[in-house]
Amino acid sequence: MKREIARILSRFTFHVFIHKSNGAESLVTPTPFDPLLANRPLAIPLYGGYYPDLIAPGTVTFVMYAPFKPFVSLVGDFNDWNGRANLMVTNGAGLWWTTLPHPGPTRYGFYVAVDDQSHAWVADPYATEIRWEETGPWAWLADEDTLRLRQSFPWTDAGWSTPRLADLVIYELGVRDFAGRWQNNRPEYGTFSGVESKLDYLADLGVNAVELMPIQQFPGQSSWGYNPVFYFAPAQVYGTPEDCKRLVDACHKRGLAVILDVVLNHAWGDHPYYQIYPPLYGPKGEKLDDLNPFFHQTPPAVNMWGGVDWDHFVPETTRYFQSMMGHWLREYHIDGFRFDWVGGVDYDSREPMQPGFNPWHGITAACWAARQAKPDVILVGEYWPIDGTHPDKTGAKLVAETEMDAVWNGEFHHTLEAVLKQGWEWEKKDIWRAIGGYREQGFAQAEQVINYTASHDEVRPVHEILYYARRHIQKPNGYSWLEVALDKALIGLIVLFSAPGVPMLYAGQEFGEDTPRTVDFLPLDWSKLERPLHRQHWESVRRLVHARCASPALRGEHMEFFADDFAQTNLVRYQRWDENGSVALVALNFGSETRQTSLDFPAGGRWREVVSDRTEQIGSGPHYFSLSPWQGRLYLLDT
């Protein structure tokens, strides 16, 4: 019967019109299409997406992985969203596919029977481009010319090499706020091209890695990106896939690595893999029967942000995210990933008390896939133990047992925050452990911790001090509160760039941005760079960044504290060095009174004090000086 149908249909010729972006149409040379190609088995394992010319030239094969579903069809503009026009075949193990002549540029998705009483219309979970409109999100298939251009994107980074993690100075930014602005009282959200226009500024600042807050497609137009839906597609509001590639290429041209922040713990409920199964929760949040092979129910400690939690201990989810890792590394030349909320990613609801990291699932599997796709990939995690899980699962163990390179150092931030805000018993904080105690935390190397005094998760120090911490701080005579806030923020940054570990700035810190922490649209106030106090702050931070990149001592492992009674004097002093003779000396006054102190210089010569940009001839041995309130000094031997 199939052969008879094929014989009859082969008499017909299929015409494909290509719709150009200018509205014109062009007719592709008619070619016969063998209907048997529509159901030809896949020669390689595929689980989603579309594949031009996979079965035959001029065709597109669409794939959907929908385990336990009785019926799936391909729908889109090209067939008037007719759920019976392009039926998909299955291998009986959840894989569905069909092949047809390239239909021209079109939105597409899948009509899926949820059960015998309901169905769902969903986009492709593997979609590489999304058109999110009033009718919902739909995958986008470009015309054949565009597809060919994408396969041959004119990359210029052939000579680029991802830097060593130990050499990085990371700059975290959100595309929306970093390159956005208010215009005529209306928001203009940042774009990939807008960020690209500011890369010279970042290169001049001296940072050498850009960490992009999540850019994968999310609902709506305005978000930080921690509510992802389509993991293979850049957010439509930020630009096209080509715009994203141009941004990465331009970063590499300026010596900037690109680290992509990804949210593997949870997705928003618009995700196709959630939509095609019965819901996990009722209208009042009550748990329902778990019939979803991709998501699972978790306690509040695992997900306090909303959305639905991925189950990373099933092969379906593991496979999906391993594919996602390779996609961004291969297609976009990303240098690395920062994994949001790794504790949740690695939460096994079946065995939450396991003492280590499962080698086949969870975060281990995602990191392994990334390392296979790019051996020198940078992998950074945000991790802290979850109540109800094994206490032996620490950040240090994560780095030791998996391919993860480093974790965010919360202890560094939390201690410095308390000291700078001068809250209750701040002078009793173990500041030495926070600054130099990475080995006490269980880490083997300094580069295994990412230090920061602000991030998207934390309030900027200037804002904290201006609006929350005043009642704890004794302001010296002659100081304005803005001067106090900027001085305190700067001494924190002196620590950041002189401590063991990899330093990270949050966008705007370099010029003393004082806006609050909010997920709402709040673009950086670039005009602050024109104000004297903020400009002076930026110049000091720029010198610190350049010093960090230039001094092997500051990027090394070695550190020694000089004896100080921090509770009494509020002073911290230390020395950094490497095996080749590079030396740095640091003195910090965290108190509100001027202090007399000294540093023991190992050799005479011209020493440069980085913060003030002064150079002086100093002999070997003790050198005495005074430090004003919240003042710090960083000395490097001038070569």
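Only heavy atoms go into these numbers, but all of them, side chains included; no hydrogens, no water, no symmetry mates. All figures in this text were calculated on a predicted structure; none of them were measured in a lab. In this chain, numbering begins with 1 at the start of the sequence shown.
- The pair R107-E133 counts as a salt bridge, with a side-chain nitrogen and a carboxylate oxygen less than 4.0 angstrom apart.
- Taking 4.5 Å as the limit, some side-chain heavy atom of I170 sits within range of a side-chain heavy atom of I259.
- Y50 and F62 have tilted rings, their planes meeting at an angle from 30° to 60° on a 0 to 90° scale.
- One finds no salt bridge joining D578 and R555 here, because no Lys/Arg side-chain nitrogen approaches an Asp/Glu carboxylate oxygen to under 4.0 Å.
- Atom CD1 of I378 sits about 7.5 Å away from atom CG of D405, to the nearest 0.5 Å.
- Under the 4.5 Å side-chain criterion, counting only non-hydrogen atoms from C-beta, W138 is not in contact with I130.
- Counted by atom type alone, S193 and D243 present zero donor-acceptor pairs between their side chains at under 3.5 Å.
- When all heavy atoms of P503 and L168 are compared, the pair lying nearest together is CD-O, 3.5 Å.
- For the residue pair H296 / S349, a side-chain donor-acceptor distance below 3.5 Å is found, with atom types taken as modelled.
- When ring centroids are compared, W341 and Y383 stay outside the 6.0 Å threshold.
- With no hydrogens or angles considered, no side-chain donor-acceptor pair links D77 and Y108 at under 3.5 Å.
- Ring geometry, W310 versus F294: the interplanar angle exceeds 60°, so the pair is classed perpendicular (tilted spans 30 to 60°).
- The shortest side-chain heavy-atom distance between P359 and W368 does not fall under the 4.5 Å cut-off.
- Separating the CG atom in D177 from the CG atom in D520 is a distance of 9.5 Å, to the nearest 0.5 Å.
- Taking the charged nitrogens against the carboxylate oxygens, D249 and R246 have no contact shorter than 4.0 Å, which rules out a salt bridge.
- Aromatic ring pairs are classed by plane angle as parallel below 30°, tilted from 30° to 60° and perpendicular above 60°; the pair H266 and W268 is tilted.
- Of the charged side-chain nitrogens involved, none lies within less than 4.0 Å of a carboxylate oxygen, so that E510 and K528 do not count as a salt-bridged pair.
- Side-chain polar atoms of Q509 and T453 form a donor-acceptor pair below 3.5 angstrom.
- To the nearest 0.5 angstrom, Q441 atom CD is 4.5 Å from N409 atom CG.
- Using a 4.5 Å heavy-atom cutoff, the side chains of P228 and F218 are not in contact.
- Residues H361 and P315 share a closest heavy-atom pair of CE1-N, 3.9 Å.
- H271 and F230 have parallel rings, their planes meeting at less than 30° on a 0 to 90° scale where 60° marks the start of perpendicular.
- Interatomic distance, N358 CG to Q354 CD, rounded to the nearest 0.5 Å: 5.5 Å.
- Atoms CG and CZ, from D261 and R338 in turn, are 4.5 Å apart once rounded to the nearest 0.5 Å.
- In this structure, the side chain of T317 engages the main chain of D311 through a donor-acceptor pair within 3.5 Å.
- Between Y238 and G190 the shortest heavy-atom distance is CD2-O, 3.3 Å.
- For the pair R371 and E403, the salt-bridge criterion is met [side-chain N within less than 4.0 Å of a carboxylate O].
- Checked by atom type, the side-chain pair R176/S222 shows a donor-acceptor distance below 3.5 Å.
- With sequence neighbours excluded, the residues forming a side-chain contact (heavy atoms from CB on, under 4.5 Å) with S323 are Y126, F232, listed by chain and number.
- Here W408 and H456 bring their ring centres to under 6.0 angstrom of each other.
- Looking at every heavy atom in both residues, A233 comes nearest to E129 through CB-N, 3.8 Å.
- Residues E557 and Y438 have side chains that bring a donor and an acceptor to within less than 3.5 angstrom of each other.
- A side-chain donor from one of H333 and D157 sits under 3.5 Å from a side-chain acceptor of the other.
- Ion pairing of K374 with D376 is present here, as a side-chain N (NZ or NE/NH1/NH2) and a carboxylate O approach within less than 4.0 Å.
- With hydrogens and angles ignored, the 3.5 Å screen pairs no side-chain donor or acceptor of E211 with any backbone N or O of L260.
- Two rings, from W328 and F337, have their centers 6.0 Å or more apart.
- For E513 (side chain) and R460 (main-chain N/O), no donor-acceptor pair under 3.5 Å exists by modelled atom type.
- Distance CZ/R548 to CZ/F497: 8.5 Å, rounded to 0.5 Å.
- Although no hydrogens or angles enter the test, the distance criterion places a donor-acceptor pair under 3.5 Å between the side chain of Y274 and the main chain of L280.
- In this structure, a donor-acceptor pair under 3.5 Å is absent between the side chains of T298 and N303.
- When ring centroids are compared, Y320 and Y47 stay outside the 6.0 Å threshold.
- Ion pairing between R148 and D53 fails under the 4.0 Å rule for side-chain N and carboxylate O.
- With a 4.5 Å cut-off on side-chain heavy atoms, V380 and F339 do not count as touching.
- The cationic atom of R517 (NZ for Lys, CZ for Arg) does not lie both less than 6.0 Å from the six-membered ring centre of Y506 and within 45° of the ring axis.
- The cationic group of K245 lies under 6.0 Å from the six-membered ring centre of Y332 and within 45° of the ring axis, placing it in a cation-pi geometry.
- With D167 contributing its side chain and C549 its backbone, the two residues share no donor-acceptor pair below 3.5 Å.
- With a 4.5 Å cut-off on side-chain heavy atoms, N451 and V502 do not count as touching.
- Taking the six-membered ring for Trp and the full ring otherwise, Y231 and F321 have centroids separated by under 6.0 Å.
- Nearest approach of L554 to S498, heavy atoms of both residues: CD2-CA, 3.8 Å.
- Using a distance-only test at 3.5 Å, with no hydrogens or angles considered, no donor-acceptor pair links the side chain of H312 to the main chain of A365.
- For the pair K397 and F357, the cation-pi test (distance below 6.0 Å, angle within 45°) is failed.
- Checked by atom type, the side-chain pair W160/D335 shows a donor-acceptor distance below 3.5 Å.
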